[in-house]
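Data block below; observations after.
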Amino acid sequence: DGGITQSPKYLFRKEGQNVTLSCEQNLNHDAMYWYRQDPGQGLRLIYYSQIVNDFQKGDIAEGYSVSREKKESFPLTVTSAQKNPTAFYLCASSIEELWKAEAFFGQGTRLTVV
Amino acid sequence: AQSVTQLGSHVSVSEGALVLLRCNYSSSVPPYLFWYVQYPNQGLQLLLKYTTGATLVKGINGFEAEFKKSETSFHLTKPSAHMSDAAEYFCAVSEIQGSQMLVWGQGTRLPINP
C-alpha cells in the first residue's frame, strides 16, 4: 500500500541534543512538507520541498534543518538551537503544490524534551 | 495576508445531532478551500475540498461544506453525528494568487456525547 511513514512514533530528546525525524513516502510525490502542531495552534509549516535537492524555509524554520537527497525521503533534524522543540511533528506529501492538491499525512512523531 | 478563522476551539454535539463547524477566510479573491480531519494521535486526512464549480461540496463520511463567497465562509456540516466523528477538524485555505501557500485554521475539536 502506498503512503507516508514517519518514524519513530515517540522520541525523547535531552537538552542540547540534535535529533532526526524520518519521513518516507512511496506515493511518487514530488512535494513534501514538515509541519509542527501545538495544541490550539493548528499546523505551522517548518520546511517544504517541491523537488529533489531543493527545499524552502517555511514560517518557523529556525532551529530545524532538512535534506532532500531522494524523492522518497525528507528527514527533519531538530537542532539544539530549537528552544522549545516539544511538539507533534507531521510530514506530508502531495502530487503537486499543496495549495491546490490533496495532502497525504504520516502518523506523526511526538517529540518530548526530557 | 490570508487568514483563516475557525469559530470555536471545541464544539460539542450529541450523537444523532447536527454537526456545524464554522470556517471563515479573509481573502477577497475566491481561494481553494479544504477541510481535513485528525483522529487522536494520527495524521490528517482530507474530508473535502472546493476549487471551482458547484459551491456545495460532498466529502467522505457524510460530511459536506458550502462555499459562500458573499460571506467568505466554508462551513462544514453533517446531518447526524456518529461517535466515530469525534476528532479535530481543520479548515485550510490557499491563495491562488500571491504566495500560493496553504493557510490553516487553528482547528476545532469535536467530542460526541452519547
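In what follows, chains carry the letters A, B, and so on, assigned in the order in which the sequence lines appear, proteins first and then strands, with residues in each chain numbered from 1.
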Within residues 70-91 of chain A, the residues sitting under 4.5 Å from chain B by heavy atom, in sequence order, are A:F88, A:L90
May I ask you to check whether over 12 heavy atoms, not counting those of [X], lie within 6.0 Å of atom [atom1]?
X     : atom1 : value
B:L18 : CG    : yes
A:I95 : CD1   : no
A:K57 : NZ    : no
B:L20 : CG    : yes
A:E62 : CD    : no

Mind jotting down which residue pairs meet the disulfide bond (SG atoms under 2.5 Å apart) criterion with at least one end in residues 38-71 of chain B? Sequence neighbours excluded, please. none
Determine which residues belonging to residues 42-50 of chain B lie within contact range of chain A, meaning some heavy atom pair is under 4.5 Å apart, and list them by number or answer 'none'. B:Q42, B:G43, B:L44, B:L46, B:K49
Neighbourhood of chain A inside residues 70-92 of chain B, taking heavy atoms under 4.5 Å as contact: B:E88, B:F90
At a 4.5 Å cut-off on heavy atoms, which part of A:Q6 comes close to chain B: side chain, backbone, both, or neither? neither
Could you tell me which portion of A:Q107 (side chain, backbone, both or neither) has an atom closer than 4.5 angstrom to a non-hydrogen atom of chain B? both
Please report the interatomic distance CG(B:N41) to CZ(A:R110), rounded to the nearest 0.5 Å. 5.0 Å
CZ on A:R44 to CH2 on B:W104, rounded to 0.5 Å: 14.5 Å
Indicate, with yes or no, if [Y] and [X] share a hydrophobic cluster defined by side-chain heavy-atom contacts under 4.5 Å among Ile, Leu, Val, Met, Phe, Trp and Tyr.
X      : Y     : value
B:V37  : B:W35 : yes
A:F105 : B:Y32 : yes
A:W34  : A:I60 : yes
B:Y36  : A:Y33 : yes
B:Y25  : B:L56 : no

Turns out that what part of B:Q6 lies under 4.5 Å from chain A's heavy atoms comes down to neither
